[in-house]
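Okay, structure first, notes after.
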Amino acid sequence: MTADPARPTELSILIERGSSTPLYLQLSAAIEGAIREGTLVPGSRIENELQLAGRLGLSRPTVRQGIQELVDKGLLVRKRGVGTQVVESQVNRPVALTSLYDDLAREGKHPRTEVLEYRIGRPTAEAAGRLLLDSGELVLDLMRVRYADDEPLAVMRNTLPERIAPSREDLLEKGLYAALRERGIATAVGHQRIGAITADEENAALLGETVGAALLTMDRKSFANDGAVIEYGHHVYRASRYSFEVTLVDG
């Protein structure tokens, strides 16, 4: 049974006082489990610290510390006059040479694409240099908005050689990399840079954010096995709904 977001949810939480796990971690684990399982849906309110402390027989500092663990993880947010709520779910994406469309589908989201610009023409000097084009070659300039469950998530601008360009129809149905694979073009290596900006009027309107909101950026250039440049792109993501995940290895 999922929670009613309009009122605080009273969770069934078992606290084992004889356990070696600190009480505040037991509390945070129980609440996190309810969030992961969908018992607490995005926007749901949980009981306040005083109610939780009294019902579970815990001290208020213990409850506060347990909740803070989840605030620090980005799972809960404290709002003055409202209480403590479950945050809207984020797309957590590994930093890898993958398609956002494929990543969303793997997470059980329902990706959808709007193609705002599909223009074939002569490349700029910058595009010709980045793509290592021969004289006379044309390029495809793309601008798309990617949705996850009908919520705008990213504005994606890409440029690639016209000779390998997927059709507009293909790009409405699948991600760029999947469309390229169907044409026998496989990406082997990518150079990627992640940054941050604040939303201007165009990006704010496209992403449903306010002007000045924090946005994540990703600039990527991808290559085939033979070293040929396949595409380069500049993508902008809603920081409130999106994060990158990196695995670090001691080398």
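Position 1 is the first residue of the sequence; numbering continues from there. The structure presented is a predicted model; accordingly, all values stated were derived computationally and were not measured.
For the atom pair CD of Glu32 and CD of Glu37, the computed distance is 10.5 Å after rounding to the nearest 0.5 Å. Summarising the geometry, atom CG belonging to Leu52 is positioned 6.0 Å from atom CD1 belonging to Ile31; distances are rounded to the nearest 0.5 Å. Here the CD1-CG distance, from Ile13 to Leu58, works out to 9.0 Å after rounding to the nearest 0.5 Å. Distance check: Arg146 CZ to Leu207 CG gives 12.5 Å after rounding to the nearest 0.5 Å. Residue Glu47 holds its CD atom at 7.0 Å from CG of Leu11, rounded to the nearest 0.5 Å. A distance of 7.5 Å separates CZ in Arg64 from CZ in Arg78, rounded to the nearest 0.5 Å.
A search for salt bridge (charged side-chain N to carboxylate O under 4.0 Å, His left out) contacts involving Glu137 returns Arg163, not counting sequence neighbours. Partners of His191 according to the ring-ring contact (aromatic ring centres under 6.0 Å, His included) rule, which considers only residues two or more places apart in sequence or in another chain, are Phe223. Listed by chain and number, the residues in a side-chain hydrogen bond (donor to acceptor under 3.5 Å, both in side chains) with Thr62 are Ser59 (sequence neighbours excluded). Take Glu162 and apply the salt bridge (charged side-chain N to carboxylate O under 4.0 Å, His left out) test, not counting sequence neighbours, and it matches no residue.
Two residues are said to be in side-chain contact when any heavy atoms from C-beta on lie closer than 4.5 Å; Ile67 and Ile46 meet this criterion. Looking only at side-chain heavy atoms (C-beta outward), Thr84 and Leu70 stay at 4.5 Å or farther from each other. Side-chain contact between Val41 and Ser44 is present, with heavy atoms from C-beta onward closer than 4.5 Å. A 4.5 Å side-chain heavy-atom check between Tyr147 and Thr113 finds every atom pair outside the cut-off. Side-chain contact between Leu206 and Glu114: absent, with no pair of heavy atoms (C-beta onward) separated by less than 4.5 Å. Inter-residue side-chain proximity for Leu76 and Val86 is flagged as met; some heavy-atom pair is nearer than 4.5 Å. By the 4.5 Å heavy-atom criterion applied to side chains, Met143 and Val155 are counted as neighbours.
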For Met156 and Leu176: C-alpha separation, side-chain torsions, deciding distance, then whether side-chain contact (heavy atoms from CB on, under 4.5 Å) applies.
CA-CA 10 Å; Met156 304 178 294; Leu176 174 60; over 6 Å; no
Could you walk me through whether Asp200 and Asn203 pass the side-chain contact (heavy atoms from CB on, under 4.5 Å) check?
CA-CA 6 Å; Asp200 58 14; Asn203 283 324; 3.4 Å; yes
Using the side-chain contact (heavy atoms from CB on, under 4.5 Å) rule, take Glu231 and Ile164 through it: C-alpha gap first, then chi angles, then the decisive distance, then the call.
CA-CA 10 Å; Glu231 58 88 27; Ile164 64 170; over 6 Å; no
Kindly determine whether Arg220 and Thr187 satisfy side-chain contact (heavy atoms from CB on, under 4.5 Å), including the steps that lead there.
CA-CA 12 Å; Arg220 175 187 283 180; Thr187 54; over 6 Å; no
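Environment of CD in Glu117: crowded, with over 12 heavy atoms of neighbouring residues, nucleotides or ligands closer than 6.0 Å.
Results of the side chain to side chain contact (heavy atoms under 4.5 Å, CB included) test with Leu160 over Ile230, Leu142, Ile185 single out Leu142 as the only residue that passes. Screening Thr159, Asn158, Thr217, Asp219 for a side-chain hydrogen bond (donor to acceptor under 3.5 Å, both in side chains) with His234, the sole residue that qualifies is Asp219.
A continuous path of Ile, Leu, Val, Met, Phe, Trp and Tyr side chains, each step under 4.5 Å between heavy atoms, connects Tyr177 with Leu172, placing both in one hydrophobic cluster. A continuous path of hydrophobic side-chain contacts links Leu140 to Leu138 [ILVMFWY only; heavy atoms under 4.5 Å].
A donor-acceptor pair under 3.5 Å links the side-chain atoms of Arg238 to the main chain of Pro152, judged by distance alone. Looking at Asn48, its side chain does come within 3.5 Å of a backbone N or O of Leu50 through a donor-acceptor pair.
Ser28 and Glu69 make their closest contact through CB-CB, 4.0 Å (heavy atoms, listed as atom of the first residue, atom of the second, distance). Taking all atoms of both residues into account, the shortest heavy-atom contact from Ala213 to Glu209 is CB-OE1, 3.8 Å. Closest heavy-atom contact between Ala239 and Ala214: CB-O, 3.4 Å.
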Please report, to 0.1 Å, the donor-acceptor pairs under 3.5 Å made by any side chain of residues 15-24, with sequence neighbours excluded.
from	atom 1	to	atom 2	distance (Å)
Arg17	NH2	Leu56	O	2.9
Arg17	NH2	Gly57	O	2.8
Ser19	OG	Thr21	N	3.0

Please tabulate, one pair per line, all N/O donor-acceptor pairs under 3.5 Å involving side-chain atoms of residues 119-133, not counting sequence neighbours.
from	atom 1	to	atom 2	distance (Å)
Arg119	NH2	Asp141	OD2	2.6
Thr124	OG1	Ala127	N	3.0
Glu126	OE2	Arg130	NE	3.3
Glu126	OE2	Arg130	NH2	3.0

